[in-house]
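Structure first, then comments.
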Amino acid sequence: QKEVEQNSGPLSVPEGAIASLNCTYSDRGSQSFFWYRQYSGKSPELIMFIYSNGDKEDGRFTAQLNKASQYVSLLIRDSQPSDSATYLCAVSLSAGTASKLTFGTGTRLQVTL
Amino acid sequence: GAVVSQHPSWVICKSGTSVKIECRSLDFQATTMFWYRQFPKQSLMLMATSNEGSKATYEQGVEKDKFLINHASLTLSTLTVTSAHPEDSSFYICTNGLAGADEQFFGPGTRLTVL
C-alpha cells in the first residue's frame, strides 16, 4: 500500500473552473500536509500547508484536511492555463520543524482555454 | 521565501565517474538539509537527512558509501554520487529547513545523466 496516494490524472478543467485535487495517506500519525506544484523539468514549489482539520484558504487555493478519513484536498478556483502542472501532495510525521516529507506521485492538471 | 541554489543544474557523465552536487542556502542558515531524487514520471523520494556537523541519516535502500553527503556548514551541503551508473540518472533536489519551521525551501534541482 502506497503511503500517499493521488490520482495521476490528467485532470482537465476549463479556464475559470474549479479544479479539485485529492490525496489520501496511510499513516494516522501524520501531522503536517503540504501541496506543491511542479512544472515539467522544474523543482516543486510550495503552494500551502495545513495542520488542522477543516479548510485553509490562500488566494485562489483552498486546502481541506480530514484526519478521520485520512484525506487532504486542494481546490483551485478560477483555474488559469498557468496552473497547468503536476500537483504533489506530501505529508510529514512532524509539525513545527522541517522533517521528512513523503510525497504522492502527483496529479497532472490541464487547464484548457 | 528563502533562496536555495544548486550547482550544477545539469550534468552528463560517463559511467564509473563521480559527480559532486552542491546545495547552498543563500540568505539563511539551514539547520537541516534534505536530499531527494526523482526518477522520470515518479515522485520525490527522500535519500538522506543531514544536520550541520553531523553524519547524514540515510533512508532505507540508499547506499551511504555510494551517495556521500557532507554538510560542512549551515549554508552548504554536498552530495557526491560515486562511481555513477546509468541507473543513477535522476533529478536530485536538495531542500533546506529551519529549526521551528515546517516549511522547506527547495533548490532548483540537478539533472544527472550517466551514459
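Just so it is clear: chains get the letters A, B, ... in the order the sequence lines come, proteins before strands, and each one is counted from 1. Values below: all heavy atoms of this structure, side chains included; hydrogens, waters and symmetry mates excluded. Worth saying up front: this structure is predicted, and the values here are computed from it rather than measured.
Highest contact tally toward chain B, considering only A:Gln31, A:Lys42, A:Gln38, A:Gln6, is held by A:Gln38 [criterion: heavy-atom pairs under 4.5 Å]. Most heavy-atom pairs under 4.5 Å with chain B, from the set A:Gly106, A:Ser32, A:Ala90, A:Pro44: that is A:Pro44. When each of B:Lys41, B:Gln38, B:Arg111 is scored by its heavy-atom pairs under 4.5 Å with chain A, the top score falls to B:Gln38. Comparing B:Met45, B:Gln42, B:Glu59 by how many heavy-atom pairs each has under 4.5 Å with chain A, the most go to B:Glu59.
Clustering ILVMFWY residues whenever any of their side-chain heavy atoms sit less than 4.5 angstrom apart, transitively, puts A:Ile47 in the very cluster that holds A:Val13. Put simply, B:Tyr58 and B:Tyr36 are part of two different groups of oily side chains (I, L, V, M, F, W, Y) that touch within less than 4.5 Å, one to the next. Following chains of ILVMFWY side-chain contacts shorter than 4.5 Å, one cannot reach B:Phe105 starting from B:Tyr92, and the two form parts of different hydrophobic clusters. Side-chain heavy atoms closer than 4.5 Å link hydrophobic residues (I, L, V, M, F, W, Y) into clusters, and following such links, possibly through other members, connects A:Val91 to A:Met48. No continuous path of ILVMFWY side-chain contacts below 4.5 Å connects A:Leu75 to A:Val72, so the two sit in separate hydrophobic clusters.
Residues A:Ser43 and B:Gly107 approach most closely at OG-O, 2.6 Å, considering heavy atoms. Across all their heavy atoms, A:Thr105 and B:Ser43 have their closest contact at CA-CB, 3.6 Å.
The local environment of NE2 in B:His85 is crowded, with over 12 non-hydrogen atoms from other residues, nucleotides or ligands closer than 6.0 Å.
A perpendicular orientation is assigned to the rings of B:Phe106 and A:Phe103, their planes being inclined by more than 60° (bins at 30° and 60°).
Taken to the nearest 0.5 Å, the CZ atom of B:Phe34 stands 7.0 Å off from the CG atom of A:Leu101.
The contact between B:Leu46 and chain A is made entirely by side chain atoms (from C-beta outward), counting heavy-atom distances below 4.5 Å. No part of B:Gln6 comes within reach of chain A, as not one of its non-hydrogen atoms sits under 4.5 angstrom from that chain. In this structure, no portion of A:Ser8 lies under 4.5 Å from any heavy atom of chain B.
Partners of A:Asp83 by salt bridge (Lys or Arg N to Asp or Glu O under 4.0 Å), not counting sequence neighbours, listed by chain and number: A:Arg37, A:Arg60.
For the pair B:Leu44/A:Tyr36, no side-chain contact is recorded, criterion being any heavy-atom separation below 4.5 Å from C-beta on.
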